[in-house]
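Below you'll find the structure, written out as structure tokens, and then a few comments.
We name chains A, B, ... by the order of the sequence lines, and we start the count at 1 in each one.
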Amino acid sequence: MSNMIQAAKEQVSELTRTAYEKAAAAGTLPGGLEIAATVEIPKDTRNGDYASSFAMSAAKPMKMAPRAIAQAMLEQLDLTGSYFDKAEIAGPGFLNFALGGKWYGDVLADIEGEGDAYGSIDEGKGEKVMVEFVSANPTGTMTIGNARGGILGDAMASILKKAGYNVWREFYVNDAGNQVEKFALSLEVRYLQLLRGENAAEFPEDGYHGDDIKELAKVFYEKFGDKYLDMEPAQRREDMKKFGLDYNIGKMKADLERYGIRYDQWFLESTLHESGDVDETVQLLVDAGYTYEKDGALWLRNTDFGADKDEVLRRANGFYTYYAVDIAYHRNKFLTRGFDRVIDVWGADHHGHALRFAATMSAPALGLQDKKLDFLIMQLVQLLQDGKEVKVSKRSGRAITLSDLLDEISVDAARFSFNAKPTSHLIFDMDLAVRQDSENPVYYVQYAHARICSLVANLAADGIQVPTAGHVDATLLVTETERELIKSMARLPEEVRLSARDYDPNRINRYLSALAGDFHRFYNACHIKGEEPALLAARLKLADSVRSVIATCLGLLGVSAPIKM
RNA sequence: GCGCCUGUAGCUCAGGUGGAUAGAGCAACUGCCUUCUAAGCAGUAGGUCGGGGGUUCGAGUCCCUCCAGGCGUACCA
């Protein structure tokens with residue numbers, strides 16, 4: 001586990017610090033000052049590979065011109081044995097450092113040594129973290145929004161694991177409560193209508209109108225026939241509920257598996273009711289004096305904890321609200337199962353809930369004040385069809401489902417393009433998706449991988465194998481495209497760290513696109529086959545390292561790395 | 001009304017702790033396949049960083065304010 005970028009940065013800090021101390025000792029600079037300088041990577045490589053702002057930060061305390069300070073430091077700078085073979089003063093007083101061959105060789109050796117684990121860091125230190133995502137209602141099929149949540153959550157989980165966290169993927173199944181009763185009722189009516197005609201029973205206004213319920217009723221009928229026609233309604237609904245939930249949950253599992261998404265646990269809400277966790281949690285809130293009764297309902301005084309409104313915990317009809325259950329659920333996550341951190345991936349239509357729930361978390365009696373609950377809020381997916389926006393609604397039954405999406409585009413394309421930055425409004429144009437194939441960025445990345453595989457196979461056919469890093473002279477890799485490529489590969493550990501820190505899995509997409517671009521440029525600029533053996537070996541090693549890094553990153557996103565295209 | 005998110009090239013977006021001439025991809029235009037995959041490369045064009053103030057050596061980045069869009073503000077989840 002190493003980070004060659006970090007190593008180089010630290011070396012620049014050390015070199016400048018030492019140079020300053022020497023200059024102070026020599027009397028060319030005022031001594032004894034603590035200078036807070038930054039080391040950065042200049043946008044333009046003409047400004048070196050690394051730049052220190054030391055002289056500029058020191059200008060004020062030293063009461064000297066930045067360039068004069070830089071000059072005094074440069075005179076004392078000793079690059080012997082370092083990663084750098086050149087340093088110079090530029091612009092307003094930057095000290096610019098240029099990397100030498102040793103650093104490039106070390107990066108290649110690093111990638112070889114770590115293999116698939118390359119890019120792994122220990123930022124998480126084994127912290128136990130749960131990523132809860134999708135958690136769609138089992139009352140219907142999953143929408144395109146669930147596709148985004150699934151892809152985003154799964155990629156985030158993989159990245160967190162790469163960053164050193166102990167990751168747990170969870171799907172919360174709302175298999176209890178109000179909406180499940182409505183689901184059972186809707187199913188029952190469809191069943192009766194199926195057997196006795198449309199007018200046999202009136203469909204509830206607030207029921208689930210989608211065709212999927214009709215289909216489900218048909219499936220139920222095919223299995224049980226008219227056996228349930230004259231059954232006692234309460235029992236009938238109960239059995240239908242169980243059947244419908246099992247069926248839909250199985251379908252959700254299958255749909256998500258098509259995307260390569262698997263969970264460690266499908267957590268059933270009903271278990272929280274059965275175990276008494278919900279009763280206990282609500283009682284806890286009552287005992288702590290956080291509640292009051294109004295209009296026959298039990299309310300949580302959430303405004304006391306900074307929320308903009310109070311919440312109903314138990315309805316007048318006796319049912320607990322999702323809110324009460326959610327509190328019990330999070331106590332289960334943190335207190336019963338001992339997660340250090342929980343990340344809930346939610347759509348933007350839940351951000352109000354996220355805010356209010358954060359307030360509830362601070363209520364002392366719950367014992368969750370110091371627990372880390374984070375929300376990964378993603379913007380909603382806008383669906384375009386015939387150039388017009390399609391409003392999706394589960395209730396009305398108008399929705400493009402998650403599995404429909406895969407009928408239009410490949411898993412790879414879906415996983416890459418739906419792993420967009422969470423804060424961006426994702427516009428999905430159905431008409432475009434069909435012909436999106438050749439212009440989708442995922443192919444640009446996969447093509448780089450396939451190209452390298454083909455190249456390696458070609459050379460292998462000529463009896464030339466990819467050399468080990470120890471047999472490669474990296475000082476031969478001196479052109480711009482070769483060095484940029486190595487620098488890009490060296491960035492992965494840092495990209496993983498930032499991606500995990502910011503909960504921004506799309507950072508890996510951007511990284512991959514950039515890396516693939518660096519490779520394609522290298523490939524066009526540099527020949528491999530037919531070059532002098534030493535140069536051929538170095539470039540082949542370079543290309544094969546890129547192949548490995550691309551495959552690793554595509555794996556993080558759940559996208560395949562094809563050998564041939 | 002109040003709250004959260006967003007606003008950078010025609011489109012989709014990069015631009016960590018403020019740094020050098022604001023960058024990619026797509027679309028447009030011009031070139032490059034008798035040697036490793038042209039799903040590629042090179043180049044051209046495209047910008048009042050939503051508007052206006054402020055902070056300082058320096059602001060796309062920080063602060064204030066206004067404007068526009070999405071979402072929320074249920075005894076739905």
**Report entry** More than 12 heavy atoms from other groups under 6.0 Å of CZ on A:Arg17
**Finding:** no
Requested in this report: May I ask which nucleotide in the shown strands pairs with B:C2, Watson-Crick or G-U wobble, both distances under 3.5 Å?
Outcome: B:G72
Query raised in the report: Rounded to whole angstroms, how far apart are NZ on A:Lys294 and P on B:A74?
Result: 11 Å
Query raised in the report: With respect to the side chain of A:Gln179, which nucleotide from B:A38, B:A77, B:C75 is positioned closest?
Result: B:A77
Requested in this report: Look at the side chain of A:Tyr443 and decide which nucleotide, out of B:G16, B:G72, B:A39, has an atom nearest to it.
Outcome: B:A39
Requested in this report: Flag as yes if A:His351 stacks onto the base of B:C71 (centroids under 5.5 Å, planes under 30°), otherwise no.
Outcome: no
Query raised in the report: Do any side-chain nitrogens or oxygens of A:Asn178 fall under 4.0 Å of OP1 or OP2 in B:A74?
Result: no
Report task. Ignoring the backbone of A:Asn174, work out which of B:U73, B:A38, B:A77 is nearest its side chain. Result -> B:A77
Query raised in the report: In terms of ring plane angle, is the pair A:His350 and A:His353 parallel, tilted or perpendicular, where the classes change at 30° and 60°?
Result: perpendicular
Report task. Please tell me which of A:Gln379 and A:His520 maps to the more 5' nucleotide of RNA chain B, matching each residue to the nucleotide holding its nearest heavy atom. Result -> A:Gln379
Query raised in the report: To the side chain of A:Tyr322, which of B:A39, B:G19, B:A77 is closest?
Result: B:A77
Query - Side chains of A:Asn174 and A:Gln179, donor plus acceptor under 3.5 Å - result: no
Requested in this report: For a ring-ring contact (aromatic ring centres under 6.0 Å, His included) with A:Phe133, tell me which candidate from A:Tyr172, A:Tyr263, A:Trp346 qualifies.
Outcome: A:Tyr263
Report summary line: Readout for nucleotides 7-13 of chain B: B = base within 4.0 Å of protein heavy atom, S = sugar-phosphate only, - = neither; 5' to 3' it is ------S
Report summary line: A:Phe94 has its side chain closest, among B:C75, B:U73, B:A20, to B:A20
Query - Base paired to B:A42 (Watson-Crick or G-U; both N/O distances under 3.5 angstrom) - result: B:U30
Requested in this report: Go through B:A39, B:U35, B:G16 for me and flag the one nearest to the A:Met565 side chain.
Outcome: B:A39
Query raised in the report: What's the closest nucleotide to the A:Arg501 side chain, out of B:C36, B:G16, B:C71?
Result: B:G16
Requested in this report: Could you please name the option among B:C36, B:G16, B:A77 that lies closest to any side-chain atom of A:Lys529?
Outcome: B:C36
Query raised in the report: Using atom C1' of each nucleotide, how far apart are B:A59 and B:C64 to the nearest Å?
Result: 15 Å
Query raised in the report: On a plain distance test, is the side chain of A:His350 in donor-acceptor contact with the base of B:A77 below 3.5 Å?
Result: yes
Query raised in the report: Out of A:Thr303, A:Thr291, A:Asn302, which one pairs with A:Asp310 under the side chain to side chain donor-acceptor pair (under 3.5 Å) rule?
Result: A:Thr303
**Report entry** Upstream residue (5' side of RNA chain B) when A:Met56 and A:Tyr444 are each assigned their closest nucleotide
**Finding:** A:Met56
Query - Given B:C75, B:A20, B:A39, the nucleotide with the shortest approach to the side chain of A:Val312 - result: B:C75
Query raised in the report: Paired with B:G7 by Watson-Crick or G-U wobble geometry, both distances under 3.5 Å: which nucleotide is it?
Result: B:C67
Requested in this report: Can you tell me the pairing partner of B:G58 across any strand shown, Watson-Crick or G-U wobble, with both distances under 3.5 angstrom?
Outcome: none
**Report entry** N or O in side chain of A:Arg497 less than 4.0 angstrom from B:G16 OP1/OP2
**Finding:** no
Report summary line: Winner on side-chain proximity to A:Arg356, out of B:G72, B:U37, B:A74, is B:G72
Report task. Could you check whether A:Ile563 gets within reach of a base, just the sugar-phosphate, or nothing at all, counting any heavy atom under 4.0 Å? Result -> base
Query - Step-by-step side-chain contact (heavy atoms from CB on, under 4.5 Å) determination, A:Leu373 to A:Asp344 - result: CA-CA 8 Å; A:Leu373 174 63; A:Asp344 290 343; 3.6 Å; yes
Requested in this report: Would you tell me whether A:Ser499 and A:Tyr511 have side-chain atoms, one donor and one acceptor, within less than 3.5 Å of each other?
Outcome: no
